[in-house]
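Single-structure report; data block below.
Below, all heavy atoms of this structure are taken into account, side chains as well, without hydrogens, waters or symmetry copies. All ligand and atom numbering here is 1-based and tracks the order in the structure. Just so we're clear, the structure is a prediction, and the values are computed from it rather than from any experiment.
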Amino acid sequence: MAEATSKFTPRIFSGIQPSGGLTLGNYLGALKRFVEKQNEGIETIYCLVDLHAITVWQDPEKLRAQTREAAAGFIAAGIDPKRSILFNQSQVPGHAQLAWIFNCVARMGWMGRMTQWKDKTAGKNAEAESLGLFAYPSLMAADILLYHATHVPVGEDQKQHLELTRDIAMKFNHDYKVDFFPVTEPVIEGAATRVMSLRDGSKKMSKSDPSDASRINLTDDADTIAQKFRKARTDPEPLPEALDGLKERPEAKNLVNIYAALADMTAEAVIAEFGGKGFGTFKPALADLAVARLAPIAEEMKRLMADPAEIDRILGDGAERADAIAAPILQRTFDIVGMIRSRG
Ligand code: AQP
């Protein structure tokens with residue numbers, strides 16, 4: 001059976017799809033935490049998962065631009081490409097190669113049960129979706145296990161995919177009678193592990209939501225951020241005096257959690273400060289805080305994006321370093337599976 005992650009050197013891997021501009025949800029649920037992990041001194045590998053992005057149609061020019069923009073977002077938010085490895089997935093061929101092996105380990109039924117697959121095909125003809133979208137979690141497992149990553153910081157929505165990654169590692173280890181792949185731990189922490197849409201408290205904030213008003217983009221300027229929070233859907237009640245009072249109020253709860261995550265405080269502390277106050281007071285305070293935190297990131301992104309060649313150089317350098325870690329793990333995987341590797 002698989003061993004716990006303890007025999008493996010602690011290593012963080014995570015990724016974000018360059019399927020649109022980065023949102024406040026990506027920032028609070030993932031990117032801000034990626035920076036914290038890097039600053040804790042753990043080995044960190046971060047990937048712009050462009051192979052995942054094309055599981056739904058992407059205009060090639062936009063995909064290239066979004067990948068560079070996301071890289072700029074990572075660096076502007078505090079990822080240091082010297083301390084962390086930062087690259088785009090398609091530059092390291094091992095992701096797709098290991099994903100194929102995992103496609104032969106994972107079962108169709110496992111994929112069909114994924115809520116993200118169900119959500120993304122809801123109300124549509126699933127038969128017309130790409131095979132890649134169905135197999136998405138298998139590629140995600142490959143992303144993580146290609147580096148023997150032990151911990152993966154993600155938002156709440158990715159929890160089920162992480163469980164599937166663990167299942168794939170365990171089944172591979174079991175089928176081939178090895179203790180080769182770690183059983184990776186998800187790291188889902190912080191006050192905003194699931195940031196909701198500003199227009200609908202039952203839907204997560206998403207970069208591919210057709211409504212731009214539903215999300216804060218990392219590139220939004222101060223006026224746009226203030227306006228989006230002002231127009232965010234809420235109920236007419238003031239904020240409650242205790243956290244319990246947010247239970248049936250998803251939109252209010254979302255804004256409190258966003259405030260807490262941006263201010264690095266607990267939701268309880270936010271309620272202690274704003275309980276009894278109306279949204280007329282709370283929304284402008286939230287907008288000011290968001291602008292204070294996000295405007296420097298947007299400014300730095302703009303500066304970085306003015307030099308796309310430098311971004312490409314950083315991604316290329318990261319890909320080389322990622323490949324150096326991945327290559328022996330992939331080689332060993334091929335050996336375990338019984339494939340001849342005799343090229344010089
Ligand atoms: N709303 C969110 N709240 C908290 N965390 C979130 N994440 C995404 N949305 C939220 C986290 O961001 C990381 C990268 O996600 P992704 O880009 O790989 O895919 P996603 O989860 O499908 O994100 P989007 O924005 O909804 O993308 P699209 O619209 O293209 O599908 C993950 O760690 C995720 O948990």
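- Distances between N or O atoms of K120 and those of ligand 1 include at least one value under 3.5 Å.
- Close approach of ligand 1 to Q158 is summarised as follows: ligand atoms under 4.0 Å from at least one heavy atom of the residue are 21 (O), 32 (C), 34 (C), 35 (O).
- For the residue pair A70 and L48, the shortest heavy atom distance occurs at CB-CD2, 3.7 Å.
- Remark: minimum distance from atom 30 (O) of ligand 1 to any protein heavy atom is reached at S19 OG, 2.7 Å.
- Judged by distance alone, with hydrogens and angles left aside, the side-chain atoms of K207 form a donor-acceptor pair with the main-chain N or O of Q17 at under 3.5 Å.
- Distances below 4.0 Å separate heavy atoms of G29 from the following atoms of ligand 1: 4 (C), 5 (N).
- Defined by atom type and a distance below 3.5 Å, a donor-acceptor pair is missing between the side-chain atoms of S197 and S214.
- Looking only at protein heavy atoms, the nearest one to atom 29 (O) of ligand 1 is S208 OG, 2.4 Å.
- Between the E129 side chain and the F134 main chain, no donor and acceptor come within less than 3.5 Å of each other.
- Formation of a donor-acceptor pair under 3.5 Å by the R199 side chain with backbone atoms of K231 is found in this model.
- Of all the atoms in ligand 1, the ones that sit under 4.0 Å from a non-hydrogen atom of M205 are 1 (N), 2 (C), 9 (N).
- Counting only heavy atoms of the protein, atom 27 (O) of ligand 1 lies nearest to K207 NZ, 3.0 Å.
- Taking the six-membered ring where the residue is Trp, the centroids of H95 and Y147 are separated by under 6.0 Å.
- Counting only N and O atoms by type, the side chains of Q38 and D80 include no donor and acceptor under 3.5 Å apart.
- Using a 4.0 Å cut-off to heavy atoms of G15, the atoms of ligand 1 that qualify are 14 (C).
- Contact atoms of ligand 1 toward R194: 3 (N), 4 (C) (distance under 4.0 Å to a heavy atom of the residue).
- Of the candidates V187, V154, D157, it is D157 that places a heavy atom closest to atom 35 (O) of ligand 1.
- In this structure, the protein non-hydrogen atom closest to atom 33 (O) of ligand 1 is G155 N, 3.2 Å.
- No N or O atom of I16 sits closer than 3.5 Å to an N or O atom of ligand 1.
- If you check which protein heavy atom lies closest to atom 1 (N) of ligand 1, you get V195 O, 2.7 Å.
- Although no hydrogens or angles enter the test, the distance criterion places no donor-acceptor pair under 3.5 Å between the side chain of R68 and the main chain of I311.
- Remark: the N217 side chain and the D220 side chain contain an N/O donor-acceptor pair separated by less than 3.5 Å.
- By the 4.0 Å heavy-atom criterion, L28 is excluded from the residues contacting ligand 1.
- When each of K159, Q160, H161 is paired with T115, the side chain to side chain donor-acceptor pair (under 3.5 Å) condition holds for Q160 and for no other.
- Protein heavy atom at the shortest distance from atom 12 (O) of ligand 1 is N26 ND2, 3.1 Å.
- Looking at ligand 1, you won't find any N or O of D209 less than 3.5 Å from one of its N or O atoms.
- Residue contacts with ligand 1: T23 is excluded, as none of its non-hydrogen atoms falls under 4.0 Å.
- Nearest non-hydrogen protein atom to atom 13 (C) of ligand 1 is A30 CB, 3.7 Å.
- Residues L51 and A96 come closest through the heavy atom pair CD1-CB, 4.4 Å.
- Atom 4 (C) of ligand 1 has as its closest protein heavy atom T193 O, 3.2 Å.
- Atom CD in Q89 sits 5.0 Å away from atom CG in L139 (nearest 0.5 Å).
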